[in-house]
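Notes follow the structure.
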Amino acid sequence: MQRITILGATGSIGVSTLDVLARHPEQYEVYALSAHSRVDELASQCRKYRPRRAVVGNAEAAAELSRLLAGLPVDVSYGEAALCEIASSPDTDTVMAAIVGAAGLPPALAAARAGKKILLANKEALVMSGQLFMDAVLEHKATLLPIDSEHNAIFQSLPGSYARDPAAAGVAKILLTASGGPFLTRAVETLEDVTPEEACKHPNWSMGRKISVDSATMMNKGLEVIEAHWLFGAPAELIEVVIHPQSVIHSMVSYTDGSVLAQLGNPDMRTPIAHALAFPERIASGVAQLDLTTMGALQFHKPDYARFPCLALAFDALRAGGTAPALLNAANEIAVEAFLERRIGFRDIDRVVRRVMDENPHGAAIDVAAVMVQDAQARRAARQLVAGIARS
Ligand code: NDP
Ligand code: MG
């Protein structure tokens, strides 16, 4: 029996994870579930999956959840310390890190320091503090398995010996595929008028609102470039973004002998989730088998950086190093939230991120405290810029 903690159980990845677990009750047991504010959803999940612990965002939410679960043996708590506890408890083996944004970093790091098997969806944790996170994984002998579909595909396309001896693997390029999102062909001058509804309508994937907007700006691919850099120890020059609108190939590895290995599948996150849960074995995920004969043509082309300036900003942050990716991530989180609340326009997202990057010098990412100082600084700067745009 693998005992699982799901951080962010009520989100898109959390729900898909529970769906896969429910198919294999003899192999997996839910130890703990967390949500932030969607208490009703978490209460129904607790009734169905009977975790020992449930964690929410604050005291009011915890009181409400306790009321809804009266009579059930679920220990309810709240806040960051409780998230870190359920991520590092000796009673859990595997942690699905699926909180959205910087809030996911402390519990993901706690899981790494406790030597857990970590299924990492929360890419922001690696973007903010990649070196510190990877060091903690290594030092505490944690196991890190990527859930992001592209990184899971790359992981599947690399040899098992890669982590021990990357040089011997002969990797020439990591080809990170990108659908291009909903605005791949929309006239660039009309991007100013994009609404949150349009931005959240991804052509191939059903995801939470923040990552959906990131996919529309292609900041998501930028964050994934940084994520790939840390997961696979690959310099920026080794990582190439390839637009592939059909999202059938989830990413590829190109080798020095001319071979290219790819992982394909229907676009459904239950595939990478099941892969990481059962690794190195395979289990059923509920995803239909890919029928190549009905696929039609698969297309590939280079990204247009003028259409997607956020992608270039992320490459800049990766090359700058230190806390630059933390600045990028924090500014983006504030800008996306403001866009979703209709306080700024779609194109203001890249303007806010660029100005925060230009106007706030980054430092060395010596420890998590230093990263969090830059994160807070970037949030303050981004909020000021958003307020200025909203007034004008
Ligand atoms: P959702 O917005 O659907 O879910 C986010 C989850 O995190 C919810 O359970 C939410 O609780 C919780 N949460 C939100 N804010 C906080 C906070 N401040 N503190 C603690 N918990 C919080 O996101 P997704 O499932 O789409 O994405 C989760 C992560 O996975 C992201 O990092 C994303 O980039 C990554 N990812 C997602 C993919 C997808 O297909 N969805 C694909 C690849 C990566 P509540 O419900 O109460 O608000
Ligand atoms: Mg992805």
Side-chain angles (χ1 to χ4, degrees), residues 5-19 32-45 54-58 60-62 64-65 77-84 86-87 96-108 118-128 146-155 176-181 200 202 204-215 218-228 231 241 244 247 249-251 263 265 267-273 276 287 329 332-333 336-337 340 375 379:
T5 289
I6 305 179
L7 304 166
T10 46
S12 164
I13 294 286
V15 168
S16 293
T17 305
L18 285 168
D19 180 277
L33 298 176
S34 93
H36 192 55
S37 54
R38 283 187 277 183
V39 174
D40 289 344
E41 281 86 340
L42 185 61
S44 343
Q45 292 180 343
V55 176
V56 286
N58 57 40
E60 295 78 60
E64 174 64 5
L65 184 63
S77 49
Y78 64 90
E80 186 180 305
L83 288 175
C84 292
I86 60 168
M96 166 56 81
I99 288 174
V100 60
L105 173 61
I118 306 164
L119 315 187
L120 189 73
N122 176 226
K123 65 192 83 183
E124 295 91 341
L126 266 189
V127 169
M128 290 173 72
I147 293 298
D148 215 342
S149 57
E150 296 77 2
H151 306 74
N152 185 271
I154 294 161
F155 179 80
L176 203 59
T177 55
S179 69
C200 287
H202 197 280
N204 307 338
W205 297 93
S206 151
M207 309 182 285
R209 281 161 67 79
K210 192 261 178 182
I211 184 177
S212 295
V213 176
D214 285 349
S215 298
M218 280 194 80
M219 178 60 92
N220 181 51
K221 208 50 53 182
L223 300 178
E224 289 183 358
V225 168
I226 303 172
E227 185 185 12
L231 281 172
V241 174
H244 164 46
S247 299
I249 294 181
H250 298 309
S251 277
Q263 185 258 358
D268 186 320
M269 290 307 292
R270 290 176 301 174
T271 294
I273 291 167
V287 178
N329 178 65
N332 181 59
E333 283 191 31
V336 170
E337 183 183 85
L340 283 170
D375 174 275
R379 279 169 206 269

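One-based numbering, in listed order, for ligands and for the atoms of each.
When the heavy-atom distances from atom 34 (O) of ligand 1 to Glu80, Lys123, Glu150, Gln45 are ranked, the shortest goes to Lys123.
Using a 4.0 Å cutoff on heavy atoms, Lys210 does not count as a contact of ligand 1. In this structure, Gly57 has no heavy atom closer than 4.0 Å to ligand 1.
In this structure, Arg209 and Val213 have side chains that are not in contact, with every pair of non-hydrogen atoms separated by 4.5 Å or more. Residues Met219 and Val336 are not in side-chain contact: their nearest non-hydrogen atoms beyond the backbone lie 4.5 Å or more apart. Within the 4.5 Å cutoff, no side-chain heavy atoms of His151 are placed close to those of Ser251. Residues Val56 and Leu42 form a side-chain contact, since some pair of their non-hydrogen atoms from C-beta on lies under 4.5 Å apart. A 4.5 Å side-chain heavy-atom check between Trp205 and Ser149 finds at least one atom pair inside the cut-off. Side-chain contact check for Leu83 versus Ile99: some heavy-atom pair is nearer than 4.5 Å. The shortest side-chain heavy-atom distance between Met207 and Ser215 falls under the 4.5 Å cut-off. Under the 4.5 Å side-chain criterion, counting only non-hydrogen atoms from C-beta, Gln45 is in contact with Leu18.
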>> Checking Ser34 against Ile6 for the side-chain contact (heavy atoms from CB on, under 4.5 Å) test, could you report, in this order, the C-alpha distance in whole Å, the side-chain angles of both residues, the deciding distance, and whether it holds?
In response: CA-CA 6 Å; Ser34 93; Ile6 305 179; over 6 Å; no
> Going through the checks in order, is the side-chain contact (heavy atoms from CB on, under 4.5 Å) test met by Asn122 and Val100?
Replying inline: CA-CA 6 Å; Asn122 176 226; Val100 60; 5.8 Å; no
>> Before you tell me yes or no, could you show the steps for His244 and Ser179 under side-chain contact (heavy atoms from CB on, under 4.5 Å), namely the whole-Å CA-CA distance, both residues' side-chain angles and the distance that decides it to 0.1 Å?
In response: CA-CA 5 Å; His244 164 46; Ser179 69; over 6 Å; no
>> Quick one, Glu224 with Asp148, criterion side-chain contact (heavy atoms from CB on, under 4.5 Å). Give me CA distance, side-chain angles, the key distance, then yes/no.
In response: CA-CA 8 Å; Glu224 289 183 358; Asp148 215 342; 3.1 Å; yes
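Judged purely by distance below 3.5 Å, without hydrogens or angles, the side chains of Thr177 and His250 never pair a donor atom with an acceptor atom.
Residue, atom and distance of the protein heavy atom nearest to atom 4 (O) of ligand 1 are Gly11 CA, 3.1 Å. Atom 19 (N) of ligand 1 has its closest protein heavy atom at His36 ND1, 3.3 Å. Ranking protein heavy atoms by distance to atom 33 (C) of ligand 1, first place goes to Ile211 CD1, 3.9 Å. Ranking the protein heavy atoms by distance from atom 14 (C) of ligand 1 puts Val100 CG1, 3.7 Å first. In terms of protein heavy atoms, atom 43 (C) of ligand 1 is closest to Asp148 OD1, 3.1 Å. Protein heavy atom closest to atom 3 (O) of ligand 1, with residue, atom name and distance, is Ser12 N, 2.9 Å. Nearest protein heavy-atom contact of atom 27 (O) of ligand 1 is Ile13 CG1, 4.3 Å. Here the protein heavy atom with the shortest distance to atom 28 (C) of ligand 1 is Ala98 O, 3.4 Å.
With ligand atoms numbered from 1 in the order given, ligand 1 contributes 17 (C), 18 (N), 19 (N) to contacts under 4.0 Å with heavy atoms of Ala103. Atom numbering of ligand 1 starts at 1 in the shown order; those under 4.0 Å from a heavy atom of Ala35 are 11 (O), 47 (O). Counting the atoms of ligand 1 from 1 in the order shown, those under 4.0 Å from a heavy atom of Gly8 are 6 (C), 7 (O), 9 (O). Listed by atom number, the atoms of ligand 1 under 4.0 Å from Ala121 heavy atoms are 30 (O), 32 (O), 35 (C), 36 (N), 44 (C). Counting atoms of ligand 1 from 1 in the listed order, those under 4.0 Å from a heavy atom of Arg38 are 45 (P), 46 (O), 47 (O), 48 (O). Heavy-atom contacts of Ser37 reach the following atoms of ligand 1: 45 (P), 47 (O), 48 (O) (cutoff under 4.0 Å).
Not a single N or O atom of Leu83, backbone or side chain, sits closer than 3.5 Å to an N or O atom of ligand 1.
Of all protein atoms, those of element N, O or S that lie under 2.8 Å from the Mg ion (ligand 2) number 3.
The closest donor-acceptor contact from the side chain of Thr5 to the backbone of Ile86 lies under 3.5 Å.
With sequence neighbours excluded, the residues that form a side-chain contact (heavy atoms from CB on, under 4.5 Å) with Ala43 are Arg47, Leu65, Leu68, Leu69.
Salt bridge Glu124/Lys210: present, at least one basic N to carboxylate O contact under 4.0 Å.
Counting heavy atoms under 4.0 Å from ligand 1, residue Met207 touches it through both backbone and side chain. In Glu124, the part holding a heavy atom less than 4.0 Å from any atom of ligand 1 is the side chain.
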